[in-house]
Amino acid sequence: VIQRRMDGSENFYRNWSDYQHGFGDTCGEFWIGRNDNLYRLTSTSKYQLLIVLEDFDGNLACAVYDSFSVGPPSSDYTLKIGNYRGTAGDSLKYHNNMVFSTYDHDFKRVTCPALYKGAWWYNSCHESNLNGRYLHGNHTTYADGVNWLAFRGHHYSLKFTEMRAEMI
């Protein structure tokens with residue numbers, strides 16, 4: 001498991017160092033961290049990415065990408081994903097080939113992490129923001145929640161998300 005959101009107990013609006021080292025509790029909300037390790041893991045074997053989403057009404061959706069890797073530090077941990085299948089709609093393909101960014105390490109200099117209160121593989125800016133603010137469902141602010149555009153849009157923050165890298 002790479003990431004999990006479930007109750008808002010963990011603040012995901014963090015700096016580059018926190019995402020490098022990881023944070024949270026693996027039994028609760030967390031980010032695996034060690035982007036170097038995520039790179040090493042996904043560069044030594046073939047992985048797919050499974051993303052599970054749940055809204056506050058108990059509706060579940062999933063997205064599966066048939067290949068998944070994170071590039072080396074020299075690429076700023078560029079996201080590489082393959083073909084989508086699932087019930088969530090494809091809100092990650094827009095981020096394919098993007099670098100990981102935090103508010104203090106924004107490589108594109110378009111301020112997406114600061115604007116949308118998260119850390120992600122932003123692409124001017126996002127269709128998904130699973131490390132955004134935990135806003136308990138509908139919210140009036142634009143796209144700064146735990147968002148997946150194709151599932152519930154930019155004005156709905158999801159209750160539960162989990163990202164898993166699964167060896168193929």
message = Distance check, rounded to the nearest 0.5 Å: Ser17 atom OG versus Tyr19 atom OH?
response = 12.5 Å

inquiry  = I'd like to know if the side chain of Thr141 and the backbone of Asp144 have a donor-acceptor N/O pair within less than 3.5 Å.
reply    = no

task = To the nearest 0.5 Å, tell me how far Arg152 CZ sits from Ser157 OG.
result = 11.0 Å

Exam field: side chain Gln48 to backbone Ser67, donor-acceptor pair closer than 3.5 Å = no

message = Any non-hydrogen side-chain atom of Asn147 less than 4.5 Å from a side-chain atom of His139?
response = yes

message = Is there a side-chain contact between Asp25 and Phe30 in this structure, where contact means two heavy atoms from C-beta onward sitting under 4.5 Å apart?
response = no

inquiry  = Given the ring of Tyr13, does Arg133 sit roughly above its face, with NZ or CZ under 6.0 Å from the centre of the six-membered ring and within 45° of the axis?
reply    = no

request  = Would you kindly confirm whether Leu49 and Val52 end up in one hydrophobic cluster when ILVMFWY residues are joined by side chain heavy atoms under 4.5 Å apart?
outcome  = no

message = Could you tell me if Arg5 sits above the aromatic ring of Phe160, with its cationic atom closer than 6.0 Å to the ring centre and no more than 45 degrees from the axis?
response = no

query = Taking side chain as C-beta onward, heavy atoms only, is Ile51 less than 4.5 Å from Leu92?
reply = yes

task = Decide, yes or no, whether a salt bridge links Asp55 with Lys159 under the criterion of side-chain N to carboxylate O below 4.0 Å.
result = no

ask   = Side-chain heavy atoms under 4.5 angstrom apart, residues restricted to Ile, Leu, Val, Met, Phe, Trp, Tyr: same cluster for Val99 and Leu130?
value = yes

Non-neighbouring partners of Thr140 that pass side-chain contact (heavy atoms from CB on, under 4.5 Å), sequence neighbours left out = none

request  = Can you see which heavy atom on Lys80 is nearest to which on Asn96, and at what distance?
outcome  = CA-OD1, 3.3 Å

query = What is the minimum heavy-atom distance between Ser45 and Tyr47, and which atoms define it?
reply = O-CD1, 3.4 Å

inquiry  = With no hydrogens and no angle check, just 3.5 Å: does a side-chain donor-acceptor pair link Ser128 and His126?
reply    = no

Thr44 versus Leu41, closest heavy-atom pair with distance = OG1-O, 3.1 Å

inquiry  = Does any part of the side chain of Tyr142, heavy atoms only, come nearer than 4.5 Å to the side chain of Tyr116, both counted from C-beta?
reply    = yes

inquiry  = Any side-chain to backbone donor/acceptor pair from Arg14 onto Asn11? Under 3.5 Å, distance only.
reply    = yes

key: Side-chain donor-acceptor pair present, Asn59, Glu54, cut-off under 3.5 Å   = no

key: Ring centres under 6.0 angstrom apart (Phe12, Phe23)   = yes

Transitive ILVMFWY side-chain link Leu135 to Val146, under 4.5 Å = no

note = Taken to the nearest 0.5 Å, the spacing of Phe100 CZ from Leu38 CG works out to 9.5 Å

key: Any pair counted as side-chain hydrogen bond (donor to acceptor under 3.5 Å, both in side chains), so long as it reaches residues 84-94, sequence neighbours left out   = Tyr65-Asp90

N/O donor-acceptor pair under 3.5 Å between His95 side chain and Trp121 backbone = yes

message = Can you confirm whether the side chains of Thr161 and Gln3 place a donor and an acceptor under 3.5 Å from each other?
response = yes

remark   = Tightest non-hydrogen contact, residues Val70 and Tyr39, listed as O-CD1, 3.2 Å

task = Look only at the side chain of His154 and the backbone of Leu149, and say whether a donor-acceptor pair between them is shorter than 3.5 Å.
result = no

ask   = Taking C-beta and beyond as the side chain, do Ile168 and Asp66 meet within less than 4.5 Å on heavy atoms?
value = no

inquiry  = As an exercise, state the distance from SG of Cys125 to CH2 of Trp120, rounded to the nearest 0.5 Å.
reply    = 14.0 Å

inquiry  = Ignoring hydrogens, what is the shortest heavy-atom contact between Val1 and Ile32? Give both atom names and the distance.
reply    = O-CD1, 3.8 Å

ask   = Between Glu166 and Phe68, is a side chain to side chain contact (heavy atoms under 4.5 Å, CB included) present by the stated rule, with each step listed?
value = CA-CA 9 Å; Glu166 298 179 339; Phe68 166 68; over 6 Å; no

task = Could you check if a side-chain atom of Pro113 sits within less than 4.5 angstrom of a side-chain atom of Thr111, using non-hydrogen atoms only?
result = no

ask   = Side chains of Tyr122 and Asn129: closer than 4.5 Å at any heavy-atom pair?
value = yes

query = Are any of the side-chain nitrogens in Glu162 or Arg4 under 4.0 Å away from the carboxylate oxygens of its partner?
reply = yes

inquiry  = When you compare the side chain of His105 with that of Ser101, does any pair of heavy atoms fall below 4.5 Å?
reply    = no

message = Distance check, rounded to the nearest 0.5 Å: Tyr156 atom OH versus Asn138 atom CG?
response = 6.5 Å

request  = Using side-chain hydrogen bond (donor to acceptor under 3.5 Å, both in side chains) as the criterion, list what pairs up with Asp7, not counting sequence neighbours.
outcome  = Ser9

request  = Please report the shortest heavy-atom distance between Trp148 and Ala88, naming the atom on each side.
outcome  = NE1-O, 3.4 Å

note = Between the CZ atom in Phe56 and the CG atom in Leu158, the distance rounded to the nearest 0.5 Å is 8.0 Å

